[in-house]
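Report on one structure; see the data block that follows.
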Amino acid sequence: MAPSEWTCIFQDEAKDLKQEDSWCLEFDHSIEPENPEQGWKEYIRNTSAWFKCSKCGRSWPSNQVKVYFHMRLMHRQGIVKVRLFRQKCKTCSDAPMEEPSITSDNIRILLNNLVKKIRIKCYNEKSEQDNRYFRSHDVKSPHEPAHCEACIKGVCTREFPNSAATFL
């Protein structure tokens with residue numbers, strides 16, 4: 001997952017927003033769940049991803065990967081901040097948190113749904129109920145809360161309105 005891939009897909013998905021507005025996407029690991037700064041709106045999604053341990057090389061899939069978006073439109077300039085929640089290897093002691101590797105298809109689904117939410121939250125357009133759901137991975141073991149950054153922060157297993165828990 002390269003930030004440039006996210007940016008390109010976001011620009012493609014956002015091209016139909018108001019022409020006079022400019023939107024950009026940036027990654028920000030410091031944004032806090034359920035605590036957007038004043039004037040910012042929050043959008044929470046679930047997706048699937050692969051993780052790879054940088055210590056032992058073990059990789060694993062997860063269908064419980066939280067993605068938080070904070071967005072703001074101000075003076076015709078829109079900004080979206082993205083935070084991808086990480087996981088760590090369950091077999092290594094002192095394993096670091098690893099970034100998720102999300103497929104291009106799932107990035108496009110996430111960002112397509114994000115643009116729909118921007119229309120609602122930033123432009124006050126009517127809600128579209130046709131959110132697309134992510135493509136899940138074949139996961140053989142249960143979710144490991146002790147190794148999930150979102151669980152550790154207490155936001156992984158919560159049910160959020162408009163957060164997709166359904167798979168394709």
Side-chain angles (χ1 to χ4, degrees), residues 1-10 13 25-37 40-71 79-118 120-121 127-168:
M1 181 255 355
S4 60
E5 180 181 13
W6 282 74
T7 301
C8 289
I9 293 172
F10 177 70
E13 291 292 332
L25 180 114
E26 59 188 49
F27 286 88
D28 184 346
H29 196 71
S30 70
I31 64 174
E32 286 298 320
E34 301 180 313
N35 192 24
E37 293 178 29
W40 291 75
K41 312 288 186 198
E42 182 172 71
Y43 181 52
I44 305 156
R45 293 301 287 182
N46 212 34
T47 193
S48 63
W50 278 90
F51 294 87
K52 185 171 184 173
C53 179
S54 56
K55 280 182 86 173
C56 72
R58 177 182 167 269
S59 58
W60 66 95
S62 176
N63 289 322
Q64 293 189 40
V65 180
K66 287 287 186 227
V67 181
Y68 275 68
F69 298 99
H70 286 185
M71 65 194 93
I79 301 172
V80 175
K81 294 182 179 184
V82 183
R83 179 174 182 178
L84 306 173
F85 280 83
R86 304 169 298 171
Q87 294 182 12
K88 63 182 176 178
C89 182
K90 68 180 181 180
T91 60
C92 290
S93 59
D94 298 322
M97 287 288 182
E98 305 292 353
E99 295 290 333
S101 176
I102 302 172
T103 65
S104 295
D105 282 347
N106 280 341
I107 293 170
R108 185 163 295 280
I109 289 166
L110 280 166
L111 296 179
N112 177 274
N113 290 333
L114 169 66
V115 168
K116 290 176 186 175
K117 194 55 70 171
I118 288 171
I120 294 164
K121 292 190 173 204
S127 174
E128 295 180 31
Q129 297 300 325
D130 64 340
N131 277 338
R132 294 174 56 202
Y133 298 108
F134 66 88
R135 299 182 193 286
S136 62
H137 293 299
D138 185 20
V139 177
K140 304 267 188 248
S141 58
H143 186 61
E144 301 270 349
H147 302 280
C148 170
E149 183 180 34
C151 284
I152 292 166
K153 286 207 161 275
V155 296
C156 185
T157 56
R158 290 189 206 161
E159 287 299 318
F160 295 99
N162 304 317
S163 181
T166 318
F167 313 112
L168 264 185

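Note that these values count all heavy atoms, side chains included, but never hydrogens, waters or copies made by symmetry.
Nearest heavy atoms, E34 versus E42: N-OE2, 2.8 Å. Shortest non-hydrogen contact noted between I152 and A146 is CD1-O, 3.7 Å. Between I107 and I9 the shortest heavy-atom distance is CG2-CD1, 3.7 Å. Taking each heavy atom of K66 and V155 in turn, the nearest pair found is CE-O, 3.4 Å.
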N113/Y43 under side-chain contact (heavy atoms from CB on, under 4.5 Å): CA gap, chis, key distance, verdict: CA-CA 10 Å; N113 290 333; Y43 181 52; 3.4 Å; yes
Candidate pair H29 and M97, rule side-chain contact (heavy atoms from CB on, under 4.5 Å), full reasoning: CA-CA 12 Å; H29 196 71; M97 287 288 182; over 6 Å; no
Residues K52, E98; criterion salt bridge (charged side-chain N to carboxylate O under 4.0 Å, His left out); working and verdict: CA-CA 7 Å; K52 185 171 184 173; E98 305 292 353; over 6 Å; no
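Distance check, rounded to the nearest 0.5 Å: CD of E32 to NZ of K153 gives 4.0 Å. Atoms CG and SG, from D94 and C89 in turn, are 11.5 Å apart once rounded to the nearest 0.5 Å. K117 contributes atom NZ, which lies 14.5 Å from atom CG of L111 (distance to the nearest 0.5 angstrom). Note: C151 SG to Q64 CD = 7.0 Å, rounded to the nearest 0.5 Å. One finds the NZ atom of K55 at 10.0 Å from the NZ atom of K88 (value rounded to the nearest 0.5 Å). Expressed to the nearest 0.5 Å, how far CD1 of I102 lies from CD of E5 amounts to 9.5 Å.
Just one residue in the list L110, V67, V65 forms a side-chain contact (heavy atoms from CB on, under 4.5 Å) with L84, and that residue is V67. Partner of F27 under the ring-ring contact (aromatic ring centres under 6.0 Å, His included) criterion, chosen from W6, Y68, F10: W6. In summary, of the residues considered (K81, K121, R45), a side-chain contact (heavy atoms from CB on, under 4.5 Å) with F69 occurs for R45 alone.
D28 has its side chain out of reach of H70: every pair of non-hydrogen atoms, C-beta onward, lies at least 4.5 Å apart.
Side-chain polar atoms of E144 and W60 form no donor-acceptor pair below 3.5 angstrom.
Formation of a donor-acceptor pair under 3.5 Å by the N112 side chain with backbone atoms of R108 is not found in this model.
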